[in-house]
Amino acid sequence: MARIKTINDFKKARDEKNPIAMITCYDFACARLIEESDIDVILVGDSVGMAFAGNSTTLPVTVEQMIYHATIVRRGAPETFIVVDLPFMSYHVSAEDTLRNCGRIMKETGANAVKLEGGRDFAHIVEVLTKASIPVMGHLGLTPQSVHKLGGYTVQGREEDKRRIMIEDAKILEDNGAFSIVLEMVPALLAGEITKSLSIPTIGIGAGNLCDGQVLVINDMLGFDERFNPKFLKKYTNLADTVRKALSDYSREVKAGTFPAAEHSFK
Ligand code: KIV
């Protein structure tokens, strides 16, 4: 049973040194299984645009799509703490536009919080949302919505100036109300330094083991895509093999006339 029910439990988990396990989810079947597990938090990530929809970036994802997937995930996981990603350009135009988008996400999906990418440039948005009682998770390091600006999906914060900016940005997000921060593809020691400098928890992906929690994309950790093997990813199973075998067994049996057998047929 997940221990995290409210944003206060994030702080409690950090203070009690209980690592937070977060995982992405986009569909009902997986949401049900996660709800039965002791995973603490579901992230309906805009990685849905890549892992689920097959795009090469997260940029095409819309607010409508996030609402669609988050509503489905909430149906499968009624008791789990759910964070919904704000897609590209849904929080960039104005505070008013952001509030309208987040209002819809919170009302229509039953999510507990939203997540947005970026540091000081989005501090005012974090503040506006927090004041409107919408809890915000931050996201620093590799921020996939900025892939074109960053020039690829690469480790962030290796240079001294970028390192310093990331440490400052994390503090600025905390000061403006963020209840937790995802650190993606950041050197482990830098992630540890950021974690130490904050009083809210950090959740890492490709950021080493000094964070207060970890997050993985569900399709990646289940091994659905054999072509995707970044250094930070641990595949806990190989569903590509399992599914491939099931599909070929089914096809072979249909063609051989051995499925359906008597036990699958009605009298
Ligand atoms: O969209 C997503 O899945 C994410 C995680 C990789 C943190 O932002």
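Values below: every heavy atom of this structure, side chains too, minus hydrogens, waters and symmetry copies. Everything numeric here is computed off the predicted structure, so don't read it as measured data. Heads up: numbering here begins at 1 and tracks the sequence.
- Under the 4.0 Å criterion applied to side-chain N and carboxylate O atoms, K131 and E127 are assigned as salt-bridge partners.
- Here the closest non-hydrogen pair linking M50 and S56 is CE-O, 3.2 Å.
- Under the 3.5 Å distance criterion, the side-chain polar atoms of S146 are left unmatched by any main-chain donor or acceptor of K149.
- A donor-acceptor pair shorter than 3.5 Å can be found between the side chains of N229 and K235.
- Under the 4.5 Å side-chain contact rule for hydrophobic residues, I105 and I82 share a cluster.
- Distance alone, capped at 3.5 Å, places no donor-acceptor pair between the T143 side chain and the L140 backbone.
- Put simply, CZ on R14 and CZ on F179 are 14.5 Å apart, with the number rounded to the nearest 0.5 Å.
- Side chains of T71 and T109: a donor-acceptor N/O pair is absent below 3.5 angstrom, by distance only.
- Comment: R164 engages E168 in a salt bridge, judged by a side-chain N to carboxylate O separation of less than 4.0 angstrom.
- The pair D15-K12 does not meet the salt-bridge criterion, since no charged nitrogen lies less than 4.0 angstrom from a carboxylate oxygen.
- By the 4.5 Å heavy-atom criterion applied to side chains, E64 and R104 are counted as neighbours.
- With hydrogens and angles disregarded, no donor-acceptor distance shorter than 3.5 Å links the side chain of N176 to the backbone of L173.
- Hydrophobic clustering, with ILVMFWY side chains joined whenever heavy atoms are under 4.5 angstrom apart, keeps V93 apart from L129.
- In this structure, N209 places its CG atom where only 12 or fewer heavy-atom neighbours from other residues, nucleotides or ligands lie under 6.0 Å away.
- Scanning all heavy atoms of the two residues, the minimum distance from A70 to V84 falls at CB-CG2, 3.7 Å.
- Distance alone, capped at 3.5 Å, is enough to place a donor-acceptor pair between the D27 side chain and the A29 backbone.
- N101 places none of its side-chain heavy atoms less than 4.5 Å from the side chain of M66.
- Proximity of V83 to I42: side-chain heavy atoms (C-beta onward) are nowhere separated by under 4.5 Å.
- Hydrophobic clustering (side-chain heavy atoms under 4.5 Å, transitive across Ile, Leu, Val, Met, Phe, Trp, Tyr) groups I205 together with Y236.
- For the pair D85 (side chain) and P87 (backbone), a donor-acceptor distance under 3.5 Å is absent.
- In this structure, S180 and K11 have side chains that are not in contact, with every pair of non-hydrogen atoms separated by 4.5 Å or more.
- Cluster annotation: F228 is connected to M221 through the hydrophobic network of ILVMFWY side chains, with a link wherever side-chain heavy atoms come within less than 4.5 Å.
- No donor-acceptor distance shorter than 3.5 angstrom exists from the side chain of S90 to the backbone of V63, with no hydrogens or angles considered.
- For the pair K245 and D241, the salt-bridge criterion is not met [side-chain N within less than 4.0 Å of a carboxylate O].
- Minimum heavy-atom separation, Q214 to G204: OE1-O, 3.0 Å.
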**Asked** Hey, mind stepping through M137 and V182 against side chain to side chain contact (heavy atoms under 4.5 Å, CB included) and telling me if it holds?
**Response** CA-CA 7 Å; M137 180 177 277; V182 166; 3.8 Å; yes
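- Atom CD1 of I203 sits about 11.0 Å away from atom NE2 of H139, to the nearest 0.5 Å.
- Between R163 and the options L190, V186, L189, a side chain to side chain contact (heavy atoms under 4.5 Å, CB included) holds for only L190.
- By the 6.0 Å contact criterion, OH on Y153 is enclosed, its count of non-hydrogen atoms from other residues, nucleotides or ligands being greater than 12.
- Around the CZ atom of R120, the shell of radius 6.0 Å holds more than 12 heavy atoms that belong to other residues, nucleotides or ligands.
- Taking CG from L43 and SG from C25, the interatomic distance works out to 10.0 Å, rounded to the nearest 0.5 Å.
- I218 contributes atom CD1, which lies 4.5 Å from atom CD1 of I23 (distance to the nearest 0.5 angstrom).
- Between R74 and E35 there is no salt bridge, since none of the side-chain N atoms of the basic residue sits less than 4.0 Å from a carboxylate O of the acidic one.
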**Prompt:** Under the side chain to side chain donor-acceptor pair (under 3.5 Å) criterion, do T195 and E193 qualify, and how do the steps go?
**Reply:** CA-CA 5 Å; T195 301; E193 195 175 337; over 6 Å; no
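- Q145 contributes no side-chain N or O that, together with a main-chain N or O of D46, makes up a donor-acceptor pair within less than 3.5 Å.
- Between the Y91 side chain and the E117 main chain, a donor and an acceptor come within less than 3.5 Å of each other.
- The OG atom of S197 lies 7.0 Å from the NZ atom of K171; values are rounded to the nearest 0.5 Å.
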**Request:** Decide side chain to side chain contact (heavy atoms under 4.5 Å, CB included) for E79 and K5; before the verdict, give the C-alpha distance in whole Å, the side-chain angles of both, and the deciding distance to 0.1 Å.
**Result:** CA-CA 8 Å; E79 303 294 334; K5 294 292 166 208; 4.2 Å; yes
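- Between the side chain of S251 and the main chain of L247, no donor-acceptor pair closer than 3.5 Å is present.
- A donor-acceptor pair shorter than 3.5 Å cannot be found between the side chains of E96 and T98.
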**Request:** Show your reasoning for whether side chain to side chain contact (heavy atoms under 4.5 Å, CB included) applies to V155 and L142.
**Result:** CA-CA 7 Å; V155 176; L142 171 63; over 6 Å; no
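- L216 and L210 fall into different hydrophobic clusters, where Ile, Leu, Val, Met, Phe, Trp and Tyr are joined by side-chain heavy atoms under 4.5 Å apart, directly or via other members.
- For the pair R244 and E226, the salt-bridge criterion is met [side-chain N within less than 4.0 Å of a carboxylate O].
- Classified by interplanar angle (parallel below 30°, tilted 30° to 60°, perpendicular above 60°), the ring pair F88/H92 is perpendicular.
- Minimum heavy-atom separation, G208 to A188: CA-CB, 3.9 Å.
- In this model, no donor atom of one side chain and acceptor atom of the other lie less than 3.5 Å apart for E108 and Y68.
- Separation of atoms CG (L239) and CG (L222) is listed at 5.0 Å; rounding is to 0.5 Å.
- Using the six-membered ring where Trp is involved, F52 and Y26 have ring planes that are tilted, between 30° and 60° apart.
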**Test side chain to side chain contact (heavy atoms under 4.5 Å, CB included) applied to F10 and I20, step by step** = CA-CA 8 Å; F10 280 80; I20 298 163; 3.9 Å; yes
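- Using a distance-only test at 3.5 Å, with no hydrogens or angles considered, no donor-acceptor pair links the side chain of N219 to the main chain of F224.
- Side-chain contact between K115 and V136 is absent, with no heavy-atom pair separated by less than 4.5 Å.
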